[in-house]
Chemist: 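Mind having a look at this structure? Questions to follow.
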Amino acid sequence: MYIIFLGAPEAGKGTQAANVAHQLNLVHSATGDMFRQAVEQGTELGMQVKSYMEKGVLVPDELTIHMVLERMSAPDCQPGVILDGFPRNIKQAEALDEALARQAKAIDVVVYIKVSEEEILRRLSGRWICRQCQTPYHSQNSPPRVWGKCDQCGGELYQRPDDTVEIIKKRLQVYFAQTAPLISYYTQAGKLLEVDGEGGVDEVGRRVILALRGVVTR
Ligand code: AMP
């Protein structure tokens, strides 16, 4: 089972992808998390991708495609993968289709979480994340019990360096120019499931599960 989660920054795709991966017992592959981890660990990949991430632009396709396909070839990914943040443009989508086709496999479905631009801007500017366990918080919608500390593990909360107004604007521009065309790409392939991403996490989660029901039991 190969499921892609597609949506603008902060549409909630990471949370929903993690939830579906947990329910289906599949690996959750989040490219943004993989890149951030590489940067924190100071690996060669981390050094190569840091400046792109800081500017809010996409990391070059060769690096990204190589990293994701390598991850997908690991034994724990053989039953399938939940892809979150990949593909991010048509070239990546085509590379993924070709790599899967070589193994007589294909993407089963693409869950597109749709949220208005206004709501995305509101969500992005209040976002805080636990440095240790990555649990997300929002200063207005879901604040932690103790300011600056994670409810789950007590870890320190931080704002992603690419969550400043300027970089957020850039990331949104990149999304609309490069990633949004994937909506037509997967619609034409008959694979797109659109889910309304406005509302609480649980409410959106129920919509995602309902939308996936027919596909997952197929
Ligand atoms: P995210 O956590 O998904 O918002 O990703 C954070 C940053 O990582 C993006 O702004 C890009 O710089 C980089 N990134 C994540 N996924 C991709 C991808 N599929 N292609 C290129 N760059 C990516």
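Numbering of ligands and ligand atoms starts at 1, following listing order.
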Chemist: What is the minimum heavy-atom distance between H138 and N141, and which atoms define it?
Modeler: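 Shortest heavy-atom contact: ND1-N, 3.2 Å.
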Chemist: For Y185 and N89: C-alpha separation, side-chain torsions, deciding distance, then whether side-chain hydrogen bond (donor to acceptor under 3.5 Å, both in side chains) applies.
Modeler: CA-CA 10 Å; Y185 180 88; N89 59 28; over 6 Å; no
Chemist: Of the side chain and backbone of L58, name the one, both, or neither that has a heavy atom under 4.0 Å from an atom of ligand 1.
Modeler: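 L58 to ligand 1: contacts from backbone and side chain alike.
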Chemist: Of the protein's non-hydrogen atoms, which lies at the shortest distance from atom 20 (N) of ligand 1, and what is that distance?
Modeler: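 Its nearest protein heavy-atom neighbour is Q92 NE2, 2.9 Å.
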Chemist: Which of the atoms in ligand 1, numbered in the order shown and given with their element, are less than 4.0 Å from a heavy-atom of R171?
Modeler: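 Checking each atom against R171, I get 4 (O).
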Chemist: At a 4.0 Å threshold, what atoms of ligand 1 neighbour a non-hydrogen atom of R36?
Modeler: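 By the 4.0 Å cutoff, the relevant atoms are 2 (O), 6 (C).
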Chemist: Among all protein heavy atoms, pick out the one at the shortest distance from atom 1 (P) of ligand 1; state its residue, atom name and that distance to 0.1 Å.
Modeler: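 In this structure, atom 1 (P) of ligand 1 has R88 NH2, 3.6 Å as its nearest protein heavy atom.
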Chemist: For R123 and E198, work out which heavy atoms get closest and say how close.
Modeler: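 Minimum heavy-atom contact is NH2-CA, 4.0 Å.
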Chemist: Taking 4.0 Å as the limit for heavy-atom contacts, which would you say applies to V57 with ligand 1: side chain only, backbone only, both, or neither?
Modeler: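 Within the 4.0 Å criterion, V57 contacts ligand 1 through backbone atoms alone.
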Chemist: Is a donor on one side and an acceptor on the other found under 3.5 Å between the side chain of Q78 and the backbone of S73?
Modeler: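 Between the backbone of S73 and the side chain of Q78 there is a qualifying donor-acceptor contact (under 3.5 Å).
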Chemist: Give the residue and atom name of whichever protein heavy atom lies nearest to atom 18 (C) of ligand 1, and the separation in Å to one decimal.
Modeler: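 That would be T64 CG2, 3.5 Å.
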Chemist: Give a yes or no answer on whether the side chain of D84 reaches the backbone of F5 with a donor-acceptor pair at less than 3.5 Å.
Modeler: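 Absent.
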Chemist: For G85, take its heavy atoms, then give the atoms of ligand 1 lying under 4.0 Å from any of them.
Modeler: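 What qualifies from ligand 1 is 16 (N), 17 (C), 18 (C), 19 (N).
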Chemist: Would you mind checking which non-hydrogen protein atom is closest to atom 22 (N) of ligand 1, with the distance to 0.1 Å?
Modeler: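 Answer for atom 22 (N) of ligand 1: V59 N, 3.0 Å.
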Chemist: Do any N or O atoms from the side chain of Q16 and from the backbone of G12 form a donor-acceptor pair under 3.5 angstrom?
Modeler: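 The answer is no, because no donor-acceptor pair under 3.5 Å joins these two groups.
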Chemist: May I ask which of Q178, K170, R160 has a heavy atom nearer to atom 6 (C) of ligand 1 than the others do?
Modeler: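 Result: the heavy atom closest to atom 6 (C) of ligand 1 is in R160.
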Chemist: Return the residue, atom name and 0.1 Å-rounded distance of the protein heavy atom closest to atom 8 (O) of ligand 1.
Modeler: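 Sorting protein heavy atoms by distance from atom 8 (O) of ligand 1 puts M53 CE, 3.5 Å first.
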Chemist: Of V59, I65, D61, which is the lone residue that meets side-chain contact (heavy atoms from CB on, under 4.5 Å) with L63?
Modeler: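 It is V59, the one option of V59, I65, D61 that forms the side-chain contact (heavy atoms from CB on, under 4.5 Å) with L63.
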Chemist: Please walk me through it: do K170 and E166 pass salt bridge (charged side-chain N to carboxylate O under 4.0 Å, His left out)?
Modeler: CA-CA 6 Å; K170 184 70 204 167; E166 281 311 299; over 6 Å; no
Chemist: Are Y137 and V204 in one and the same hydrophobic cluster, where Ile, Leu, Val, Met, Phe, Trp and Tyr link if side-chain heavy atoms are under 4.5 Å apart?
Modeler: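 No; tracing contacts between hydrophobic side chains, which count when under 4.5 Å, never links both residues.
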Chemist: Give the atom numbers and elements of ligand 1 that come within less than 4.0 Å of a heavy atom of T31.
Modeler: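 Numbered from 1, ligand 1 contributes 15 (C), 16 (N), 17 (C), 19 (N).
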Chemist: Could you check atom 23 (C) of ligand 1 against the protein and tell me its nearest heavy-atom contact, residue, atom and distance included?
Modeler: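 Of the protein heavy atoms, F35 CE1, 3.7 Å lies nearest.
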